[in-house]
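Below you'll find the structure, written out as structure tokens, and then a few comments.
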Amino acid sequence: MNLKLRIWRQKNADTPGHFVEHDAPNVTPDMSFLELLDTVNEELTLQGKEPIAFDSDCREGICGMCSLVINGIPHGHIKGTTVCQLHLRHFQDGQTITVEPWRARPFPVIKDLIVDRGAFDRIIQAGGYISVSTGQAIEGNALPIPKDTAELAMDAAACIGCGACVAVCKNASAALFVAAKVSHLALLPQGQRERERRVWHMVKAMDAAGFGSCSNTSACEAVCPKSISVEFIGRMNREYMKSLIKAQFKNT
Amino acid sequence: MKLEAKIPSGPLEKKWDRYRLEMKLVSPANKRKFEVIVVGTGLAGASAAASLAELGYRVRCFCFQDSPRRAHSIAAQGGINAAKNYQNDGDSVYRLFYDTIKGGDFRSREANVYRLAQVSSNIIDQCVAQGVPFAREYGGLLANRSFGGAQVSRTFYARGQTGQQLLLGAYQALCRQIALGQIEMHPRTEMLELVVVGGHAKGIVVRDLVSGQVTSHAGDAVVLATGGYSNVFFLSTNAKGCNVSANYRAYKKGAAFANPCYTQIHPTCIPVSGEHQSKLTLMSESLRNDGRVWVPKRPGDNRPVGQIPEDERDYYLERKYPSYGNLAPRDISSRAAKEVCDQGRGVGPGGRGVYLDFADAIRRSGENTIRERYGNLFEMYERITGENAYATPMRIYPAVHYAMGGLWVDYELMSSLPGLFVIGEANFSDHGANRLGASALMQGLGDGYFILPYTIGNYFAHCSQPRPAASHPEFRLAEAAVKERTHKFLSIRGRRTVSSIHRDLGHLLWEKCGMARNEASLKEALEKIPAIRQEFWENIIVPGESTEINQALEYAGRVADFLEFAELLCTDALMRRESCGGHFRTEFQTPDGEALRNDAEFAYVAAWEHQGEGRPPLLHKEPLVYEELKMMQRSYK
Ligand SMILES: Cc1cc2nc3c(=O)[nH]c(=O)nc-3n(C[C@H](O)[C@H](O)[C@H](O)COP(=O)(O)OP(=O)(O)OC[C@H]3O[C@@H](n4cnc5c(N)ncnc54)[C@H](O)[C@@H]3O)c2cc1C
Ligand code: FES
């Protein structure tokens, strides 16, 4: 099949970007979208031109590195899929495809299709953990956890931190990302002792990083490659309200 | 170079206790005076960095991804082993030790493996405490599954995302220490040289992958947790960025490289679909718990699955290995698949595939149960192939997956270069010639949480070589070398892309040094590699500049190292005139096609020392002395 690509090219964070058209002739439906870009890059390189910079690593939908907006939708139009797992069989011969980076103020573009998602790391650093140093753990089975609780925690924990939720949100809200981690840890008995402190600090870090507020459109759930439910956002909001009542840790 | 494994004396089960009693400690007040450089944030690196920081050491940590959470460990699916014996099925530290030694085809060190089995329980406890949402029974207790090469159920898992959950646990511990100021984290930064001062590893030179800036970092010790080198084969199940560079740079600075020819081929991967293929996808081995592997009995039988009657199917693993059946270890299952495909009985395009069939399991337990167990794997399969594996069997074929070889380390996980520690897949230590499923995660976390934090202290307590300033002349020299190499890549301006040359190399290795190797094929590979390397250095094209993000430049550096390392791998494979585990020399096999070891001549670790450019590497042998077990012919029949 033959495809036409309109790809965002941008030299660096300080230079404005623009779309460039590239032809992708003779590609096959078994190819993944990133393999398509690989092919275009081979061609560009042979012409002595700079290849398109984009992030990827695992190429199996788990590392969260790949981050492309395909025809306006983060990770493309197939539900529950990262762009590295999006295959060309879902496109039509002759189609023109627009490829852009995540667009959100807290995720500045640093080259072509690559953005800086350091803000996510800073949110986790603010409290997205259970404070237990190596060696302090009790026997694993000393703390039974109902299967349903563990499964629900796992549903939240499945987040790959790709940032598609932010990219799709008109307010660039990180609510789904933060809610997933808050919920994962708040659901588990191990996470109880730092429950209020954690959500309070994480929400504060989220605001400080410049993410907008959630206006409940659920667009994030629709593009999340792990289909993480917006119900977790409700859970986070409840956790946050509770934390406001307990104020003692706020300056720590 | 003198290799000293430093294995404590005394009974096997007392060695680690004894070591910990006899090692020297660093007092809490002194710990903060030591700076440790940790390269890599996978299970090994993240767990080590966090644990060292918790102890009070100052840590600088590096990874090439944009966040430490994205290290390749994130992709591990199936699970992590531990000798908890929660299933009451006869497991014990000793049995895990025994299975690992046997699985490794008697080519690993007894003392290291025993210690790993000992700490395995602590790993699970630690991960649970961090909030890793392991699978549970209805009673709320931890669930287990079985895995290849074991007859007990000792594998802990979190759906098909075990590596992700374990890594997030370690990453969160790392984040806590970053917030506390104990760890300085450098993502998107690649180590390009190791710096040795006074015979000790004392720092690294890195390139900031965003600004292109080359800088030096000095430390009291350097820890490499940089993962495996399977991507030397171009196509493998590893993430695109996995590479050998950190290890290879260290090798060139004097660290011995052990058993590079021990590479693992994983039996259950999605077959190659075309030339464009950029990587191969693993289907977790846990699928073999319920899936049955078969091919048609008759060569060339290309009828659709439904039209091949039961008695015309060959469930060859069950037939050849009745007691382990579909759970035979990886090397054995992989070779068996190659064998049936070589006989013309392979299925799917190109005939390079075998069926993994869930029909019986679905009949027995219902589709829902199977969905609950493997849902995400079935989805992944469908995404890639467009086929529904609940209705029609999966097609699988072996692919390169894991590197048992790595930098040589002693019992303290220190390489032959004092001050350089190597953990996780990057070292050679625990899996011998073949790794059992669910044991890499165990080893990475064992090294990082429970072993290195002790042994590194013993080095500091004895070390008389102070931390140099990052302005020391050795750093200047290493920086200059990095810049010169970068300049060279950019100035060749030839006509081949780096990836096309990497493909050539990978293809050669897969054909000549892959699942089966022999003297002739290895000699051929050794003859051809230098030509590919020459082509690389004369004819690659790397567009762009060094002062900005330049992925082609990063890739060129990695492939340049693969091109040298490939030669070491084949040299090792040629030298080892026996078959063992993942290293199968066609000249050395039993009449029924099993690996034939030669314990009289090859019961040693092959550790290679770099002797300078253009000179052959020097082989050092560390004899494998078995005090506890007797080496015997593996049998999974
Ligand atoms: C698809 C797949 C599934 C698997 N499933 C299982 C399983 O179920 N059970 C199991 O036990 N094992 C499994 N394994 C094996 C296991 O995942 C790996 O062996 C293990 O995770 C390796 O961990 P590591 O910490 O040693 O290295 P990695 O996780 O590979 O981390 C390497 C780190 O080093 C960094 N790095 C590398 N080079 C440089 C450099 N030059 N400069 C700076 N940073 C660098 C990277 O950024 C990264 O942070 C699987 C492997 C694959 C490929
Ligand atoms: S490259 Fe890892 S999720 Fe896409």
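Chain letters run A, B, ... following the sequence lines, proteins first, then strands; residues in each count from 1.
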Using heavy-atom distances under 4.5 Å, tell me whether [X] contacts chain A through its side chain, its backbone, both, or neither.
X: B:Q130; value: both
X: B:I178; value: side chain
X: B:D66; value: both
X: B:Q126; value: both
X: B:F156; value: neither
X: B:I124; value: neither
X: B:T237; value: backbone
X: B:I540; value: neither
X: B:E545; value: side chain
X: B:Q65; value: both
X: B:Q177; value: neither

Heavy-atom pairs under 4.5 Å with chain B: which of [options] has the most?
options: A:S56, A:A13, A:A126, A:S131; result: A:S131
options: A:D38, A:V132, A:T28; result: A:V132
options: A:G191, A:P29, A:A150, A:P144; result: A:P144
options: A:M31, A:K11, A:H90; result: A:M31
options: A:I130, A:I145, A:L86, A:L188; result: A:I145
options: A:L187, A:L34, A:I160; result: A:I160

Between [X] and [Y], is the ring centre distance below 6.0 Å?
X: A:H184; Y: A:F232; answer: no
X: A:F177; Y: A:F211; answer: no
X: B:Y171; Y: A:Y129; answer: no

Look only at the side chain of [X] and the backbone of [Y], and say whether a donor-acceptor pair between them is shorter than 3.5 Å.
X: A:Q190; Y: A:L143; value: no
X: B:Q172; Y: B:G169; value: no
X: B:N243; Y: B:R558; value: no
X: A:D116; Y: A:F107; value: no

So what's closer than 4.5 Å to chain B heavy atoms on [X]: side chain, backbone, both or neither?
X: A:K49; answer: backbone
X: A:I123; answer: neither
X: A:I110; answer: both

B:R159: salt bridge (Lys or Arg N to Asp or Glu O under 4.0 Å) partners, not counting sequence neighbours: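 So B:R159 forms a salt bridge (Lys or Arg N to Asp or Glu O under 4.0 Å) with A:E151, A:D155.
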
Contacts of type salt bridge (Lys or Arg N to Asp or Glu O under 4.0 Å), residue A:D55, not counting sequence neighbours: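 Applying salt bridge (Lys or Arg N to Asp or Glu O under 4.0 Å) to A:D55 gives A:R117, B:R188.
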
Using a distance-only test with no angle check, is there a side-chain donor-acceptor pair under 3.5 angstrom linking [X] and [Y]?
X: B:D208; Y: B:T189; answer: no
X: A:Q85; Y: A:H87; answer: no
X: A:R59; Y: A:T82; answer: no

Closest-packed option against chain A by number of heavy-atom pairs under 4.5 Å, given [options]:
options: B:D125, B:I74, B:V128; answer: B:D125
options: B:R70, B:H276, B:K240, B:E548; answer: B:R70
options: B:Q165, B:E137, B:M380, B:Q161; answer: B:Q165
options: B:S278, B:A179, B:G241, B:S500; answer: B:S278
options: B:R69, B:R176, B:E54; answer: B:R176
options: B:T385, B:V210, B:L180, B:L168; answer: B:T385

Lys/Arg cation over aromatic B:F378: B:R383, 6.0 Å, 45° cone: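 No.
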
salt_bridge(B:K84, A:E139) N-O dist < 4.0 Å: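 So B:K84 pairs with A:E139 through a salt bridge.
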
Check: B:P68 and B:L174 side chains under 4.5 Å, non-hydrogen atoms: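 SC-SC contact between B:L174 and B:P68 confirmed.
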
